[in-house]
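See structure below.
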Amino acid sequence: MTDIIVYDPADFHVHLRQGQLSRLVTPHVAKGGFNLAYVMPNLKPPITTTDLALAYKQSLEAIDPNIEYLMTLYLSPELTPDEIRKAKKAGIVGVKSYPRGVTTNSDGGIESYEVYDPIFKAMEEEGLVLNLHGEVPSDPESNICVLNAEEKFLPHLVTLHRKFPKLRIVLEHATTRAAVETVKTLGDTVGCTITAHHLSLSVDDWAGQSFHFCKPVAKYPSDRRALQQVIYEGHPRFFLGSDSAPHPIVSKSTATPTEGCAAGVYTSPILLPLVAHLLESFGALDNLQAFVSGNGRRFYGRTRGKDSPKAVRVVREKSKVEAVSELDGIKVAPFWLGKELNFRLGSL
Ligand code: DOR
Ligand code: ZN
C-alpha cells in the first residue's frame, strides 16, 4: 500500500507540563505529526482559573506557535459558575475532573460530584466540555484497586449524563470493555478517548516495567480487544486522546527504593506513526483519519483546524523509535524505545 495522507490530526488529551519539561516536550506534539493539542491542567499548582489557563497557553505558544492549544481548567472548589462563563468567553474549551489522589498532581481532585452541580449546569449552558478521569480512589475496605477502579467509576458517568443530558462529557483514556459498552449505551453528548498505549498494553506489560505504568493501568487482554474493536467498528464517539504524560526518567525508574514510580506513558514524539502501526495490527488502518481527527473534531465542533486543512504524510517504511530526548539534564524516554514501527512521518 502507498503512503497515507492524514488531515488535521488532533490529540484530544495531552500533558504538556511546565518549566523546562514543557520546553522539552511541547515541540514533540508537532514531531509526532499533530497540530492540535487538548491540554491537561494538572500542573503544580493546577490550572484552576481562566487567567492561569491563558497564561499557560501563552507559554505554550512561545514554545511552538504552530500548534492549536485547546485549554482546560482543573475542577476544584475554587471554580464558580461565573468563572465558567468567563472561561467560555476566553475560549477555554473544557474542565477536567480528577478524583482525589488517583494520579499525578491530583491531590486537589474531587471527592464528590453533587457539590459541582451548579458548575456542571453552567458548563451545560455555556457549552464547555467535562473531561472525566474515570477512576474512583482505591479503597481496601470496598475491595477497590487499580484493576477495578474504572469499572466502579462508570455509574458516576451514567448519573452525570442523566442529570445533564446536554452537557458534553468525555470519558478519558478508557481501558475496559465495561467502559466501552457503557459509553456506547449513552447519548451523543458522551464521547470517549482511547490512548495509543492502551491499544498495545495489558497488565503483564506494566507489572515489572515501570515505563509502561500509567493511570488508569492497562487491563486484561479482553479489555484491550474491546478498545481495538470499537475503533475497528468505526464508532463515531471514540477518538484519540494520547494521554501522553512525560516524566523525567529518574521519576519513572524504580532505582530509589523509597520512591514510587510516576504514572505516565510518553507517546507524543511518535504518536501518528505509532497509531498507524497499532491500527494496522488489528485491521483498522482504514479508520485512521476518523480516529485521529474526524471523530474528535466533530465531537468538539473543531472541524476546521488553525491552518486547516493540514495534511500529514505517513510513509510505510520501517522506523526505529528514537533515543531519549534531553534538555538541560532532564531526560524523557518515549514509549517503545528501540522498537520498530511500520511507519514514519514523511514530508509532503
Ligand atoms: O498516567 C497518567 N499520567 N495518568 C494521569 O491521569 C495523569 C498523567 C500525568 O499527568 O502524569
Ligand atoms: Zn491524562
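Numbering of ligands and ligand atoms starts at 1, following listing order. Note that the numbering runs from 1 along the sequence shown for the chain.
Listing protein N, O or S atoms at distances below 2.8 Å from the Zn ion (ligand 2), with waters left out, gives His13 NE2, His15 NE2, Asp243 OD1.
With hydrogens and angles ignored, the 3.5 Å screen pairs a side-chain donor or acceptor of Arg313 with a backbone N or O of Ser347. Remark: the backbone N or O of Tyr7 is paired with a side-chain donor or acceptor of Gln289 at under 3.5 angstrom. The closest donor-acceptor contact from the side chain of Arg85 to the backbone of Ala122 lies at 3.5 Å or more, if one exists at all.
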Pick out the protein N or O atoms lying less than 3.5 Å from any N or O of ligand 1, and list each pair with its distance.
| residue | atom | partner | partner atom | Å |
| --- | --- | --- | --- | --- |
| ligand 1 | 1 (O) | Lys215 | N | 2.8 |
| ligand 1 | 1 (O) | Ala263 | O | 3.4 |
| ligand 1 | 1 (O) | Gly264 | N | 3.3 |
| ligand 1 | 3 (N) | Ala263 | O | 2.9 |
| ligand 1 | 4 (N) | Thr103 | OG1 | 3.2 |
| ligand 1 | 4 (N) | Lys215 | O | 2.8 |
| ligand 1 | 6 (O) | Thr103 | OG1 | 3.4 |
| ligand 1 | 6 (O) | His133 | ND1 | 3.2 |
| ligand 1 | 10 (O) | His15 | ND1 | 3.3 |
| ligand 1 | 10 (O) | Arg17 | NH1 | 2.9 |
| ligand 1 | 10 (O) | Asn42 | ND2 | 2.8 |
| ligand 1 | 11 (O) | Arg17 | NH2 | 2.8 |
| ligand 1 | 11 (O) | Thr104 | OG1 | 2.9 |
| ligand 1 | 11 (O) | His247 | NE2 | 2.8 |
| ligand 1 | 11 (O) | Ala263 | O | 3.0 |

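Less than 6.0 angstrom separates the ring centroid of Tyr98 from the ring centroid of His133. Checked against a 6.0 Å centroid threshold, the rings of Tyr38 and Tyr300 count as neighbours.
The residues Lys219 and Glu151 are annotated as not salt-bridged, no charged nitrogen and carboxylate oxygen being separated by less than 4.0 angstrom.
By the 30° and 60° cut-offs, the orientation of the rings of Phe238 relative to His235 is perpendicular.
Put simply, the residue from His247, Lys252, His28 that forms a side chain to side chain donor-acceptor pair (under 3.5 Å) with Tyr266 is His28.
In this structure, the side chains of Leu70 and Phe12 come closer than 4.5 Å at one or more pairs of heavy atoms.
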